[in-house]
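Because only heavy atoms are used, hydrogens play no part in the values below, and waters and symmetry mates are left out as well, while side chains stay in. A, B, ... follow the sequence lines: proteins, then strands. Residue 1 opens every chain.
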Number of protein chains: 2
Amino acid sequence: MARAQAANTDTATRTLDVAERLVQTRGFNGFSYADIAAELGVTKASLHYHFASKTELGRALIERYAERFRERLGQIDAGGAAPPAKLAAYADIYASVLRDRRMCLCGMLAAEYETLPEPIREAILRFFDESETWLADVLEQGEADGSLRLQGSARDEGRAIVSGLEGALLVARPYADVDRFETAAASLLKRLAAA
Amino acid sequence: MARAQAANTDTATRTLDVAERLVQTRGFNGFSYADIAAELGVTKASLHYHFASKTELGRALIERYAERFRERLGQIDAGGAAPPAKLAAYADIYASVLRDRRMCLCGMLAAEYETLPEPIREAILRFFDESETWLADVLEQGEADGSLRLQGSARDEGRAIVSGLEGALLVARPYADVDRFETAAASLLKRLAAA
DNA sequence: GTCTATAGGCAGATAGAC
DNA sequence: GTCTATCTGCCTATAGAC
């Protein structure tokens, strides 16, 4: 993991890549070490060398996913767009997940929440909390500069956006219908546009 | 199943009751025949007598769930309330699911969609289709009588409501926070209220 | 309709050689 | 860091007695 490895091709990273896709498409209870091993052409024992337990693998998965999500939020902030455009860019993160025919990693894990070990549970809640905090900030900016009009508190509107987008992903995926998602997302954001 | 059984206490019915709760809380891949058998105090073999395969059990589960959902929609219609009140009653079906600390059965299965056998997949899509059709009707009534104001088509607004409520359930459940759901649901419906 | 017994497979995980 | 081999336990499902 350290040193000058070929960054994206070491076994640990490739394991995370495959496991991430499997969780996002099949759920944490819908794949096994054997699935990953077969796809990478290694044995299950090798995987256990890098991630001692499935719980540890899951924790690492969320951590990397949240970190990348955080980076994308930082890029949106750095772009300096107006609040409505920031919200659209936020929704487009979700759209890109669906175009990959995946569910949001943490949305999927939220469904399985009751079956998951404690370290994973905590990480899921932190992920949603971060999104909600970032959205609340954007919504407050928009209210301040007059580009957005909120009906409830920034916190509550932020929560409605997160859950609205997660639900749009959840339902659109069985239909394999990106338009279905786009329409729901647009309707979600439209109501915040200033009159 | 037929005859004059004590309606709600025969093994088939009790199996459906327990399995339904397990799917709604843990997912289809998160429980086993052994879990149900232990809770009912019978053996796994007995369960297989009533539901030969887990797939058959799942199909029966959705069928009963959809039928009961259909009945509740019928009751709302029979109540003769105005469209905005009908929407609130619809959202309250979801709230009652969350109060039971459950996810919508079909929302849970939507997450696991890719891992599910074909008969179950079909039943999930039919469930969402029915809700969307019913909602589109209510929304059109509301637009006609002036009690609701739609921004998009009735079909699209209906879809946004279904996915918005499913997402609100999905995210609120890990937080075990009914208020979180209520707030998101209210915000979802408020924007349809006539000016 | 429920039971005992069991088949056959896959799960997550570990020991120890290389 | 990857392998072979193996453990233990659970999974869905079936056969056949009662």
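Checking C/dA13, D/dT2, D/dA5 against the side-chain heavy atoms of A/A45 singles out D/dA5 as nearest. Out of C/dA11, C/dT2, D/dC3, the shortest distance to the side chain of A/A34 is found at C/dA11. Nearest nucleotide to the B/H48 side chain, out of D/dC3, D/dT12, D/dG1: D/dT12.
Separating the NZ atom of A/K44 from the P atom of C/dA15 is a distance of 16 Å, rounded to the nearest angstrom. Between the NE2 atom of A/H50 and the C1' atom of D/dC3 there is a distance of 12 Å, rounded to whole Å. Remark: C1' of D/dG1 and CZ of A/R14 are 13 Å apart, rounded to the nearest angstrom. We find that OH of A/Y49 is positioned 5 Å from C1' of D/dG1, with the value rounded to whole Å. To the nearest angstrom, P of C/dA13 lies 10 Å from CG of A/L57. When rounded to the nearest whole Å, the span between CD1 of A/I36 and P of C/dC10 equals 17 Å. In this structure, the NZ atom of B/K54 is 9 Å from the P atom of D/dC11, given to the nearest Å. As a whole-Å value, the separation of A/N29 CG from D/dC10 P is 16 Å.
Using a 4.0 Å heavy-atom criterion, one finds that B/S32 contacts the sugar-phosphate atoms exclusively. Residue contacts for B/F51: at a heavy-atom cut-off of 4.0 Å it reaches no nucleic acid atom on any strand shown. Looking at heavy-atom distances under 4.0 Å, B/Y33 makes contact with sugar-phosphate atoms alone, never a base.
Consecutive Watson-Crick or G-U pairing (both distances under 3.5 Å) extending over three or more pairs maps onto DNA chain D as C:1-18 with D:1-18.
Between the side chains of A/R191 and B/S187, at least one donor-acceptor pair of N or O atoms lies under 3.5 Å. In summary, the side chains of B/S131 and B/Y90 do present a donor paired with an acceptor at a separation below 3.5 Å, with no hydrogens or angles considered.
Salt bridge status for A/R101 with B/E114: absent, with no side-chain N to carboxylate O gap under 4.0 Å.
Residue A/S46 places at least one side-chain N or O under 4.0 Å from the OP1 or OP2 atom of D/dC3. OP1 or OP2 of D/dT2 has not a single side-chain nitrogen or oxygen of A/T43 nearer than 4.0 Å. Listed pair B/T11 / C/dT2 meets the phosphate criterion, a side-chain N or O lying under 4.0 Å from OP1 or OP2.
Of the possible donor and acceptor atoms, one in the side chain of B/R173 sits under 3.5 Å from a partner among the backbone N and O of A/A111.
Here the closest non-hydrogen pair linking B/L192 and B/L150 is CD2-CD2, 4.0 Å.
In this pair, A/F69 and A/Y94 present their aromatic rings perpendicular. The plane angle is above 60°, beyond the 30 to 60° band.
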Under 3.5 Å donor-acceptor pairs involving side-chain atoms of residues 76-83 of chain B, not counting sequence neighbours:
from: B/D77; atom 1: OD1; to: B/K86; atom 2: NZ; distance (Å): 3.4
from: B/D77; atom 1: OD1; to: B/W134; atom 2: NE1; distance (Å): 3.3
from: B/D77; atom 1: OD2; to: B/W134; atom 2: NE1; distance (Å): 3.0

